[in-house]
*Asks:* 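What follows is a single structure, and I will ask about it in a moment.
We're numbering straight along the sequence, starting at 1.
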Amino acid sequence: MNVTRRTALGLAASASLLAGSGNALAGSAISQEHRSMEHLYKAALAEGGRVIVYAGGDTPGQQDGTKKAFEQKFPGVTLDVIVDYSKFHEARIDNQIATKTLVPDIVQIQTLQNFPRWKKEGVLQPYKPIGWDNVYRAFKDGDGAYTGVFVDAFSNLVNSKLLPDQATWPREAKDYLRPEFKGKIVLTHPTDDDAVLFWFKQVIDKYGWDYVAELAKQEPIFVRGTQAPTDMVEGGQATVTFSTDGGLVPFPGTVSRFVLPKEDPFVAWPQQAAILKGAKHPEAAKLYLSWLLDKETQTNVWYMWSVRTDIAPPDGYKPIWEYKNGDPTAFGKFLADRGAVESFRSLIGLYLGEAKGEPSPGHLGLHPDKALPH
């Protein structure tokens, strides 16, 4: 995978948003983890030293950075992160629960609407990791059923070598209609990814369906997964995209630059994770979630916004709550109305066709317990 993105925690992508002010903190019956990280580490070793995560994402190796950082921090504990499109993982988990063949300890996916459903069905194990009290209220379930672990965002990514003049960088949606970008835009197909679909929903709400018709005339290069746009922009096979994330601070030695719009909407959400009831490695799962929320991990491993109230964004950026065009609760609300989502997905397909090609993570089957070879 390209070093410009997801070298640490990865995108997989999931968030379910609760109502409430971004600055208010929630609390309820169970308390935040009182044991130290060292205590959790010893408990994880004692139960076998392994934790399995089903993470939403796009390529088998997309979470290699996460695995490396975690295993270096906790020698003897193996982290197996299995990456697949979130829509496949959600079905896989439902099937495993129904057939009593559960594999993962942790679910960490983009299809946010599943977390409240799974909570209601009683298949999540409530847990408030170390640092939970410092997580924004809207980024976590008050009962600890699921917790946001970092904020991700999809917006403009530009190859600064091909576009050395920053004044020419596309920021707003209509910039992609400029003649010089014809055939040079790479996009994750919106029928294949809900976050990209939501980008279109917000833009169409503002500019109407004519925008999609005009964008189609630009002959964008459509791909599956959101890692490919990152790699193609960085490699120069495309010049720009709006269907991926990127480092708020540019990664050393790279030419890709992540650029937020000034006026038009972008997609932001807290990626969430939960422990599944019946997990075979509950102590290692608790260690993993507490490590994700640790200030060091949030500051030095993740490359966008933190979910914690006590960690400031990089210089030049505001806290995510201060972007009026990037409401981090909007995506979860969009996903909650499944009928509206599927209706909108069908409409987009009429304009842009359907996603084609093999799934970028590969074919994982019903019960994967390790990442595919890569």
*Asks:* For a 4.5 angstrom cut-off between non-hydrogen side-chain atoms, does Gln96 reach Val103?
*Replies:*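 Sidechains of Val103 and Gln96: in contact.
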*Asks:* What pair of heavy atoms forms the shortest contact from Val307 to Gly148, and how long is it?
*Replies:*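 Looking at all heavy atoms of both residues, the closest pair is CG2-O, 3.5 Å.
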*Asks:* At what distance, to the nearest 0.5 angstrom, does CD1 of Ile97 lie from CZ of Arg92?
*Replies:*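 Between Ile97 CD1 and Arg92 CZ, I get 13.0 Å after rounding to 0.5 Å.
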*Asks:* So do the side chains of Val186 and Gln237 get within less than 4.5 Å of each other, counting heavy atoms only?
*Replies:*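 Result no, sub-4.5 Å side-chain heavy-atom pair not found.
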*Asks:* If you round to the nearest 0.5 Å, how far is CD of Gln227 from OG1 of Thr59?
*Replies:*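 It is 5.0 Å, given to the nearest 0.5 Å.
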*Asks:* Holding to ring pair (Phe, Tyr, Trp, His ring centres under 6.0 Å), I want the full list of residues that pass it with Tyr127, two or more places apart in sequence or in another chain.
*Replies:*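 Counting only residues at least two positions away or on another chain, Tyr127 forms no ring pair (Phe, Tyr, Trp, His ring centres under 6.0 Å).
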*Asks:* Any chance the side chains of Thr244 and Thr230 put a donor and an acceptor closer than 3.5 Å?
*Replies:*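 There is such a pair (donor and acceptor under 3.5 Å, judged by atom type) between the side chains of Thr244 and Thr230.
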*Asks:* Which heavy-atom pair separates Pro313 from Tyr317 by the least distance, and what is that distance?
*Replies:*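 Minimum heavy-atom separation between Pro313 and Tyr317: CG-O, 3.4 Å.
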*Asks:* Could you tell me whether the side chain of Trp132 and the main chain of Gly144 form a donor-acceptor pair under 3.5 Å?
*Replies:*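 Such a contact is absent between Trp132 side chain and Gly144 backbone.
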*Asks:* Would you call Val255 and Glu234 a side-chain contact if the rule is heavy atoms closer than 4.5 Å?
*Replies:*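 Answer yes - side chains close enough.
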*Asks:* Taking everything shown except Glu121 itself, do over 12 heavy atoms lie less than 6.0 Å from its CD?
*Replies:*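 More than 12 within 6.0 Å, yes.
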*Asks:* Side-chain heavy atoms nearer than 4.5 Å, only ILVMFWY residues, links allowed to pass through others: does that put Met37 and Leu45 together?
*Replies:*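 Yes, one cluster joins them.
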*Asks:* Tell me if a side-chain donor or acceptor on Ser290 pairs with a main-chain N or O of Ile130 at a distance below 3.5 Å.
*Replies:*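 Yes; judged by distance alone, with no hydrogens or angles, the pair exists.
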*Asks:* At their closest point, which heavy atom of Leu372 faces which heavy atom of Pro60, and how far apart are they?
*Replies:*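 Taking Leu372 first and Pro60 second, the nearest heavy atoms are O-CB, 3.7 Å.
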*Asks:* Is the distance between the ring centroids of Trp269 and Phe154 under 6.0 Å?
*Replies:*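 Ring centres of Trp269 and Phe154 closer than 6.0 Å.
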*Asks:* Knowing that exactly one of Lys370, Arg50, Lys280 qualifies, which makes a salt bridge (charged side-chain N to carboxylate O under 4.0 Å, His left out) with Asp80?
*Replies:*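 Testing Asp80 for a salt bridge (charged side-chain N to carboxylate O under 4.0 Å, His left out) against Lys370, Arg50, Lys280 leaves exactly one candidate, Arg50.
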*Asks:* Step by step, would you call Glu180 with Thr168 a side-chain contact (heavy atoms from CB on, under 4.5 Å)?
*Replies:* CA-CA 10 Å; Glu180 65 266 30; Thr168 67; 5.8 Å; no
*Asks:* Indicate whether the side chain of Ser256 and that of Thr254 have a donor and an acceptor atom separated by less than 3.5 Å.
*Replies:*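 No, no side-chain donor-acceptor pair sits under 3.5 Å.
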*Asks:* Answer yes or no: is there a donor N or O on one side and an acceptor on the other, between the side chain of Glu47 and the main chain of Ala284, under 3.5 Å?
*Replies:*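 Yes, because the side chain of Glu47 sits within donor-acceptor range (under 3.5 Å) of the backbone of Ala284.
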*Asks:* For Phe258, check ring pair (Phe, Tyr, Trp, His ring centres under 6.0 Å) against everything at least two apart and list the hits.
*Replies:*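 With neighbours one apart ignored, the set is empty.
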*Asks:* Quick one: does any side-chain atom of Tyr303 pair with a main-chain N or O of Leu248 as donor and acceptor, under 3.5 Å?
*Replies:*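 It does not hold such a pair.
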*Asks:* Would you say that Glu214 contacts Gln218 through its side chain, given a criterion of any heavy-atom pair below 4.5 Å between the two side chains?
*Replies:*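 No, side chains not in contact.
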*Asks:* Which distance, rounded to the nearest 0.5 Å, do you find between the NE2 of His281 and the CD1 of Ile275?
*Replies:*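 Answer for the NE2-CD1 pair, His281 versus Ile275, is 13.0 Å.
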*Asks:* Name all residues meeting the side-chain contact (heavy atoms from CB on, under 4.5 Å) criterion together with Lys119; count only those two or more places apart in sequence or in a different chain, and write none if there are none.
*Replies:*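 Only Leu124, Asp141, Asp143, Ala145, Tyr146 meet the side-chain contact (heavy atoms from CB on, under 4.5 Å) criterion with Lys119.
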*Asks:* Does the side-chain contact (heavy atoms from CB on, under 4.5 Å) test come out yes or no for Lys201 and Arg345, once each step is laid out?
*Replies:* CA-CA 9 Å; Lys201 178 63 168 64; Arg345 193 191 314 276; over 6 Å; no
*Asks:* Do Ile82 and His89 have side-chain heavy atoms sitting under 4.5 Å apart?
*Replies:*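 Answer yes - side chains close enough.
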*Asks:* Linking I/L/V/M/F/W/Y whenever their side-chain heavy atoms sit closer than 4.5 Å, directly or via other members, would Ile320 and Val249 fall into one cluster?
*Replies:*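 Ile320 does not cluster with Val249.
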*Asks:* Could you check whether any side-chain N or O of His34 sits under 3.5 Å from a backbone N or O of Gln32, counting only pairs where one atom can act as donor and the other as acceptor?
*Replies:*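 Absent.
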*Asks:* Would you check if the side chain of Asn95 reaches a backbone N or O of Ala91 as a donor-acceptor pair within less than 3.5 Å?
*Replies:*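 Not confirmed, Asn95 side chain does not pair with Ala91 backbone.
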*Asks:* For Lys87, which of Asp192, Asp193, Asp194 qualifies under salt bridge (charged side-chain N to carboxylate O under 4.0 Å, His left out)?
*Replies:*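 For Lys87, the salt bridge (charged side-chain N to carboxylate O under 4.0 Å, His left out) test succeeds with only one of Asp192, Asp193, Asp194, which is Asp192.
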*Asks:* How close do Asp175 and Trp169 get, heavy atom to heavy atom, and via which atoms?
*Replies:*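 Minimum heavy-atom contact is OD2-O, 4.3 Å.
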*Asks:* Say whether Gln272 and Gln108, considering side chains only, have a donor N or O and an acceptor N or O under 3.5 Å apart.
*Replies:*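 There is no such pair (donor and acceptor under 3.5 Å, judged by atom type) between the side chains of Gln272 and Gln108.
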*Asks:* Which residue in the set Lys174, Gln202, Lys206 passes side chain to side chain donor-acceptor pair (under 3.5 Å) when paired with Asp264?
*Replies:*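 Looking at Lys174, Gln202, Lys206, the match for Asp264 under the side chain to side chain donor-acceptor pair (under 3.5 Å) is Lys206.
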*Asks:* Which pair of non-hydrogen atoms, one from Ile106 and one from Ala273, has the smallest distance, and what is that distance?
*Replies:*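 Residues Ile106 and Ala273, closest heavy atoms: CG2-CB, 4.2 Å.
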*Asks:* Using the salt bridge (Lys or Arg N to Asp or Glu O under 4.0 Å) rule, collect all pairs that involve residues 298-315, keeping only residues at least two apart or in two chains.
*Replies:*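 Every salt bridge (Lys or Arg N to Asp or Glu O under 4.0 Å) pair that includes a residue of residues 298-315, provided the two are not neighbours, is Lys295-Asp310, Arg308-Asp310.
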*Asks:* Could you report the tightest heavy-atom contact between Asp245 and Ala153, atom names first, then the distance?
*Replies:*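 Result for this residue pair: CB-O, 2.9 Å.
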*Asks:* Would you say that Arg35 contacts Glu283 through its side chain, given a criterion of any heavy-atom pair below 4.5 Å between the two side chains?
*Replies:*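 A side-chain contact under 4.5 Å exists here.
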*Asks:* Of Phe74, Tyr288, Trp291, which is the lone residue that meets ring pair (Phe, Tyr, Trp, His ring centres under 6.0 Å) with Tyr41?
*Replies:*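 Among Phe74, Tyr288, Trp291, the one meeting ring pair (Phe, Tyr, Trp, His ring centres under 6.0 Å) with Tyr41 is Phe74.
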*Asks:* Taking the side chain from Ser36 and the backbone from His39, do they hold a donor-acceptor pair closer than 3.5 Å?
*Replies:*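 At least one qualifying donor-acceptor pair exists.
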*Asks:* Assigning hydrophobic clusters by single linkage (Ile, Leu, Val, Met, Phe, Trp, Tyr; side-chain heavy-atom cutoff under 4.5 Å), is Phe88 placed with Phe115?
*Replies:*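 Hydrophobic grouping puts Phe88 apart from Phe115.
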*Asks:* Name the atoms and distances for all side-chain donor-acceptor pairs under 3.5 Å in residues 355-366, with sequence neighbours left out.
*Replies:*
residue: Glu358; atom: OE1; partner: His363; partner atom: NE2; Å: 2.6
residue: Ser360; atom: OG; partner: Asp58; partner atom: O; Å: 2.6
residue: Ser360; atom: OG; partner: Tyr85; partner atom: OH; Å: 2.8

*Asks:* Is there a side-chain contact between Gln125 and Leu276 (heavy atoms, below 4.5 Å)?
*Replies:*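 Of all side-chain heavy-atom pairs linking Leu276 with Gln125, none is under 4.5 Å.
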*Asks:* Can you tell me how the ring of Phe266 sits relative to the ring of Trp305, calling it parallel under 30°, perpendicular over 60° and tilted otherwise?
*Replies:*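 Because their plane-to-plane angle is under 30°, the rings of Phe266 and Trp305 count as parallel.
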*Asks:* Could you go through the side-chain contact (heavy atoms from CB on, under 4.5 Å) check for Tyr211 and Leu177 one step at a time?
*Replies:* CA-CA 9 Å; Tyr211 176 83; Leu177 305 183; 3.9 Å; yes
*Asks:* Going by heavy atoms in the side chains, are Thr147 and Pro129 under 4.5 Å from each other?
*Replies:*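 When only atoms from C-beta onward are counted, Pro129 and Thr147 do touch, with a gap below 4.5 Å.
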*Asks:* Ignoring hydrogens and angles, tell me if any N or O in the side chain of Trp118 forms a donor-acceptor pair with the backbone of Asp94 under 3.5 Å.
*Replies:*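 Side chain of Trp118 to backbone of Asp94, a donor-acceptor pair under 3.5 Å: no, none is there.
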*Asks:* Determine yes or no for a side-chain-to-main-chain donor-acceptor pair under 3.5 angstrom, with Asn156 supplying the side chain and Val259 the backbone.
*Replies:*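 Yes; at least one donor-acceptor contact below 3.5 Å.
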*Asks:* Can a donor-acceptor pair be found, under 3.5 Å and without considering hydrogens, that links the side chain of Glu90 to the backbone of Asn114?
*Replies:*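 The answer is no, because no donor-acceptor pair under 3.5 Å joins these two groups.
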*Asks:* Measure the spacing between OG of Ser346 and OH of Tyr351 and express it to the nearest 0.5 Å.
*Replies:*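 One gets 13.5 Å once the value is rounded to the nearest 0.5 Å.
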*Asks:* If you look only at pairs with a residue in residues 189-208, which of them pass as a ring-ring contact (aromatic ring centres under 6.0 Å, His included), with sequence neighbours excluded?
*Replies:*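 Pairs touching residues 189-208 that pass the test: His189-Phe222, Phe198-Phe331, Phe198-Phe334, Trp199-Phe242, Phe200-Phe242.
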*Asks:* Could you go step by step and tell me if Leu187 and Thr241 meet the side-chain contact (heavy atoms from CB on, under 4.5 Å) rule?
*Replies:* CA-CA 6 Å; Leu187 296 177; Thr241 185; 3.9 Å; yes
*Asks:* State the OG1-CG distance between Thr239 and Leu162, to the nearest 0.5 angstrom.
*Replies:*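 It comes to 5.0 Å.
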